[in-house]
Amino acid sequence: MRLVCSHVVVSLFVVVQTTEGLLGLGVDLGTSGVRTAVVDGGGAVIGEAKASWSDEEGRSPETWVSKLRETLLECPGASEATHIAVSGTSASLLAVDADGRVSRGPMMYCDAIDDESAFQQVLAFAPEGHTTRSKTSALAKLVQWHLAAPFAHGERCAHQADYVAAALAAGFESEDPTKLVFSPGLIQSDWHNALKLGFDVEALAWPAWMTKGLFPAVGLDGGCLPSDVLKPGGTTSSRPRTVSKKAAAQWGLREGAAIVGGTTDSIAAFLACSFDGKSLIVDPGRAVTSLGSTTALKLVSKVKVDDSTRGVYSHRLDDAWLVGGASNAGCRVLRYFGFDDDELERLSDDDLFFGFGRQGDEPVVNPLCDRGERFPVNDPDLEPRLPPFEKRRTDESDDAYAARRRTLLRRLLRGIADVEQRGYAALADLGATPLVAVTTAGGGAKNKPWRRLRSDLLAVPVVDADYTDAAFGAAVLALTEHPRSASSSEEKAP
């Protein structure tokens, strides 16, 4: 399905600068850890902090909470923040019961369901090309859970960002980090996170094919969904979320601070890269590639494009579309082969990357660490294709070993760059606005020779951004003016 916008707003969001004393706190839950940032009304950074986690730890809500508490205590200005926004990994879903405890999951962004009957139910009702027509979609996870064990009264699903935002607002019972202080309106989502749960970002409502088709067919009730879906950065007048007295004491936050609609981690990175010091500026054809543990592409387009077979979907940003997808391939593969920051910097010299072509008959690298890909092809059974590499031999010289490591690194980085190139080619093939420039976010942004290679492959400038941290993007989002919620908004879709 394609929809052409009548126009694109160049300055989508204007940071609140008319009221002195406002501070935005951004919380970003990424694939490798949590980051926090505090900015003032002019976009100046007041404080930052971060904590990392392993892949296994990153699947635990208790880890999210404990690591976040760590960073908040270490982040200057967090205790004075007036507005808070949370970004999390897309389609990472869990459920909370009526007592406030995690009752299911989480299933993370890259986890595919294994119940074929549940997936067939989604395919029977979701429109062709819809982003929910994927075994990793949040909707597929919800249906699989319910068919395995029906949702109880009062039990709600929540995205990673929804859950953490609720925890920041309400706190926990008796210092127990596994039990939220629960209320019916506690679990609220946003346009960006709710997209893969089925939310209609044009009509700003749950679609009839879900509420009147899929849900009755599988016996689900709408009460399992988040109570509100907010505009990113916005609030709802009917159920405003603020930091409670208990939560303020537990988190070290300001009592009464507003918890606004959040976003996904890759969109938060996009917002950071699009900030010019006063506002978030976007132009059709400009894109951001987030090179972290995974690789996410976001392109500003006049045209809405969706294709679930390629993992392509469109997020709404006021009157523009942010189209793209997220690959499971990324810089995680570098850690898989034991590269640390020092070695990456040492090996990434100009001689290595000059004329960075695939050498001779080298096979194409598919830089996945595990089976399954989401974008630019959506295939949960796709296998990794990694270069062979033997451990260092006892008689091997330092120079010989370094040369082998350099070759390995070159092939891996080329493989990730190929994924990026194929991703933007898929967007162009579907009719998105042509790519004109790319800004890089994430740890991969530091590698300048790699950036030159990517620019050659994409045939457009690949440029630096003043701001790239997703937590910064979330902090800026926290201070944007979005007074209405999706559920009560009278705005017309683009």
Side-chain angles (χ1 to χ4, degrees), residues 1-14 90 127-132 190-196 199-205 207 231-234 263-264 266-276 279-290 296-326 375-376 420-441 455 458-463 465 473 476-477 480 482 486 489-494:
M1 177 180 178
R2 298 178 182 176
L3 178 72
V4 179
C5 301
S6 58
H7 65 286
V8 172
V9 175
V10 175
S11 182
L12 293 177
F13 307 107
V14 178
S90 178
E128 286 293 328
H130 198 278
T131 188
T132 56
D190 59 83
W191 297 357
H192 299 158
N193 276 292
L195 178 71
K196 294 182 182 179
F199 188 72
D200 187 332
V201 294
E202 297 175 68
L204 299 180
K231 189 173 186 178
T263 185
T264 65
S266 60
I267 295 183
F270 174 88
L271 297 178
C273 291
S274 302
F275 186 68
D276 72 348
S279 56
L280 298 169
I281 305 298
V282 298
D283 296 303
R286 296 194 67 87
V288 170
T289 297
S290 296
L297 278 54
K298 293 286 183 284
L299 168 72
V300 181
S301 176
K302 296 179 181 179
V303 181
K304 180 180 185 291
V305 295
D306 299 283
D307 185 348
S308 59
T309 65
R310 304 193 203 190
V312 174
Y313 49 90
S314 297
H315 282 287
R316 180 177 173 180
L317 283 176
D318 281 358
D319 292 331
W321 297 106
L322 196 56
V323 306
F375 170 79
E420 179 187 29
Q421 191 276 330
R422 292 196 302 271
Y424 284 118
L427 302 184
D429 185 55
L430 290 169
T433 297
L435 182 69
V436 297
V438 174
T439 302
T440 310
S455 180
L458 295 172
V460 299
V462 176
V463 299
V476 171
L477 180 65
T480 57
H482 296 298
S489 174
E490 296 178 356
E491 294 176 284
K492 294 181 180 180

Looking at side-chain heavy atoms only, is the closest gap between E420 and V438 below 4.5 Å?
-> yes
Minimal non-hydrogen separation, V436 against P461, with atom names | O-CD, 3.4 Å
D429 versus R310, closest heavy-atom pair with distance = OD2-NH2, 2.7 Å
Side chains of S308 and Y313, donor plus acceptor under 3.5 Å | no
Approximate separation, where rounding is to 0.5 Å, of I267 CD1 and L195 CG = 8.5 Å
Does one side chain, of K196 or S90, offer a donor that lies under 3.5 Å from an acceptor on the other?
-> yes
Say you draw a straight line from CD of E202 to CH2 of W191; how long is it, rounded to the nearest 0.5 Å?
-> 11.5 Å
Does any N or O in the side chain of H192 come within less than 3.5 Å of the main-chain N or O of R316, such that one atom is a donor and the other an acceptor?
-> yes
What closest approach, in Å, do V305 and L430 show between heavy atoms, and which atom pair accounts for it?
-> CG1-O, 3.4 Å
Taking every non-hydrogen atom, the tightest pair across A269 and A441 = CB-CB, 4.0 Å
Using atom types as modelled and distance alone, determine if a side-chain donor or acceptor of T439 lies under 3.5 Å from a backbone N or O of V288.
-> no
Here the gap from L458 atom CG to T289 atom OG1, rounded to the nearest 0.5 Å, amounts to 7.0 Å
Where L322 and L317 come nearest, the two heavy atoms and their spacing | CD2-CD1, 3.7 Å
Identify the two heavy atoms, one from F375 and one from G311, that lie closest to each other, and give their separation to 0.1 Å.
-> CD1-O, 3.7 Å
Go through the structure and list residues passing side-chain hydrogen bond (donor to acceptor under 3.5 Å, both in side chains) with T440, not counting sequence neighbours.
-> R454
Output the distance between atom OG (S314) and atom CH2 (W321), rounded to the nearest 0.5 Å.
-> 6.5 Å
Option passing side chain to side chain donor-acceptor pair (under 3.5 Å) with K298 (candidates S266, S290, S274) | S266
Counting only N and O atoms by type, is there a donor-acceptor contact under 3.5 Å from the side chain of S301 to the main-chain atoms of A432?
-> no
Hey, does L435 have a side-chain heavy atom less than 4.5 Å from the side chain of L299?
-> yes
Here the gap from F199 atom CZ to N193 atom CG, rounded to the nearest 0.5 Å, amounts to 12.0 Å
Between the side chain of D190 and the main-chain N/O of K231, is any donor-acceptor distance below 3.5 Å?
-> no
Enter the distance from E128:CD to D307:CG here, rounded to the nearest 0.5 Å.
-> 9.5 Å
Within a strict 4.5 Å, meaning less than it, do heavy atoms of the V300 and F270 side chains meet?
-> yes
